[in-house]
> 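There's a structure below that I have some questions on.
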Amino acid sequence: MNQETPTLMEHAYRLLEEKIVTLEIEPGSVVSEASLSRLIGIGTTPIREALQRLAREHLVQILPRRGVIVSRIDLQQQLEVLEVRRELDRLTMRNAARRATSKERAAFSSLADRMAQVAAADDVEAFLRLDREFNDLTALAARNAIARETVASLQPIARRFWFFYHPGFFDTRETAALHIEVLRSIVGGDQEAAAKGAETLIDQMVRIAKETLISD
């Protein structure tokens, strides 16, 4: 049981996180453990544990005796997240370029090729899955557990923001190209180019967040 529960929790978390990020579960929705269990076909205990993690990542709010509310998109919060991500992403990408193993560099190269394919097909949901893979792989290759845990807790907010605003503000091909540039820099071991590429990605997100605030 102790070995199975974390696996089920992780599976439940990934399914729910993707449904929230891609707005299948809409911001502001009121949900319950039971309804989510029916939605993804996993028992309520893993769902409860997954919701605790989602709450720490600011994607849901757990209200005792009232249920669970999917957090609304908060542009000011997005800017605060990006302020932190700017520093951590530069560190992570620089370290990944320096510390990645040959096997990890091959994985980065493969990821760049796959990202180019989904961008050419304008497959937004596939791109978001690869973006999560990109984040997971760079965090692992950077060899800094504290940075990995911190960045992982902030990434879902940014992904949901991107998905929500991409039809009017983001170009999937352009965003993918920026990711691919970082990936190629990591493969080549170019630490400064990887860090600069990470900052360029954050600049894009900040620009869109500010433009959205102004338009509102």
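Numbering of residues begins at 1 and proceeds along the displayed sequence.
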> Count the heavy atoms belonging to other residues, nucleotides or ligands that lie under 6.0 Å from CD of Glu83, then report whether that count exceeds 12.
no
> Please determine whether the number of non-hydrogen atoms from other residues, nucleotides or ligands lying under 6.0 Å from atom CD of Glu181 exceeds 12.
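Count not over threshold, so no.
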> Which atoms form the tightest heavy-atom contact between Glu104 and Thr101, and what is the distance?
OE1-N, 2.9 Å
> What's the spacing between Gln61 CD and Arg72 CZ if we round to 0.5 Å?
9.5 Å
> If the condition is side chain to side chain contact (heavy atoms under 4.5 Å, CB included), which residues does Arg98 pass it with, not counting sequence neighbours?
Asn95, Gln191
> What's the separation between atom CG in Asn135 and atom CG in Leu140, rounded to the nearest 0.5 Å?
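It comes to 12.5 Å.
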> Going by the side chain to side chain contact (heavy atoms under 4.5 Å, CB included) test, name the single residue among Leu88, Asp136, Val84 that passes it with Val151.
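Result: among Leu88, Asp136, Val84, Leu88 is the only option passing the side chain to side chain contact (heavy atoms under 4.5 Å, CB included) with Val151.
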> So, for Ala195 and Arg90, which heavy atoms are closest and what is the spacing to 0.1 Å?
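Nearest heavy atoms, Ala195 then Arg90: O-CG, 3.7 Å.
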> Rounded to the nearest 0.5 Å, what's the gap from CZ on Arg143 to OG1 on Thr92? Could you check?
12.5 Å
> Is Arg184 salt-bridged to Asp190, cutoff N-O under 4.0 Å?
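Salt bridge between Arg184 and Asp190, a charged N being under 4.0 Å from a carboxylate O: no.
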> Mind checking the CZ-CD1 spacing from Arg159 to Ile157? Nearest 0.5 Å is all I need.
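The distance works out to 10.5 Å.
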> When you compare the side chain of Leu91 with that of Glu87, does any pair of heavy atoms fall below 4.5 Å?
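Side-chain contact under 4.5 Å: no.
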> Find out if a path of hydrophobic residues (ILVMFWY) with successive side-chain heavy-atom gaps under 4.5 Å connects Ile62 to Leu16.
yes
> Considering non-hydrogen atoms only, spot the tightest contact between Ala152 and Pro156 and give its length.
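Scanning both residues, the minimum pair turns out to be O-CD, 3.3 Å.
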> Would you please classify the geometry between the Phe170 ring and the Trp162 ring as parallel, tilted or perpendicular, with 30° and 60° separating the classes?
tilted
> Go through it in stages, so that I can follow the logic: the residues are Met205 and Leu201, the test is side-chain contact (heavy atoms from CB on, under 4.5 Å), and I'd like the CA-CA distance, side-chain angles, deciding distance and then a yes or no.
CA-CA 7 Å; Met205 298 285 282; Leu201 279 167; 5.9 Å; no
> Identify whether the distance between the nearest side-chain nitrogen and carboxylate oxygen of Glu192 and Lys196 falls below 4.0 Å.
no
> Do Glu57 and Tyr13 have side-chain atoms, one donor and one acceptor, less than 3.5 Å apart?
yes
> Which class fits the ring pair Phe127 and His179: parallel under 30°, tilted 30 to 60°, perpendicular over 60°?
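The rings of Phe127 and His179 stand perpendicular, inter-plane angle above 60°.
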> Do Phe164 and Val21 have side chains that get closer than 4.5 Å, going by heavy atoms?
no
> In sequence, state the C-alpha distance, the side-chain angles, and the governing distance for Arg129 and Glu125, and then conclude on salt bridge (charged side-chain N to carboxylate O under 4.0 Å, His left out).
CA-CA 6 Å; Arg129 293 188 193 104; Glu125 293 192 18; 3.8 Å; yes
> For Ser32 and Ser35, run side chain to side chain donor-acceptor pair (under 3.5 Å): C-alpha distance rounded to whole Å, both residues' side-chain angles, the deciding distance at 0.1 Å, then the answer.
CA-CA 5 Å; Ser32 66; Ser35 67; 3.2 Å; yes
> Any side-chain heavy atom of Arg85 sitting closer than 4.5 Å to one from Gln155?
yes
> Quick check: does any side chain N or O of Arg105 sit under 3.5 Å from a backbone N or O of Ala100, one acting as donor and the other as acceptor?
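Yes: the side chain of Arg105 pairs with the backbone of Ala100.
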> Considering only NZ, NE, NH1 and NH2 on the basic side and carboxylate oxygens on the acidic side, decide whether Arg53 and Glu17 come within less than 4.0 Å.
no
> Step by step, would you call Val30 with Val68 a side-chain contact (heavy atoms from CB on, under 4.5 Å)?
CA-CA 6 Å; Val30 178; Val68 178; over 6 Å; no
> How many angstroms lie between CG in Leu39 and CD in Glu24, if you round to the nearest 0.5 Å?
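Here the interatomic distance stands at 6.0 Å.
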> Starting from Ile69, can I reach Leu36 by hopping between I/L/V/M/F/W/Y residues whose side chains sit under 4.5 Å apart?
no
> Out of curiosity, Gln52 CD to Ile47 CD1, how far, rounded to the nearest 0.5 Å?
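Nearest 0.5 Å value for the CD-CD1 distance: 12.5 Å.
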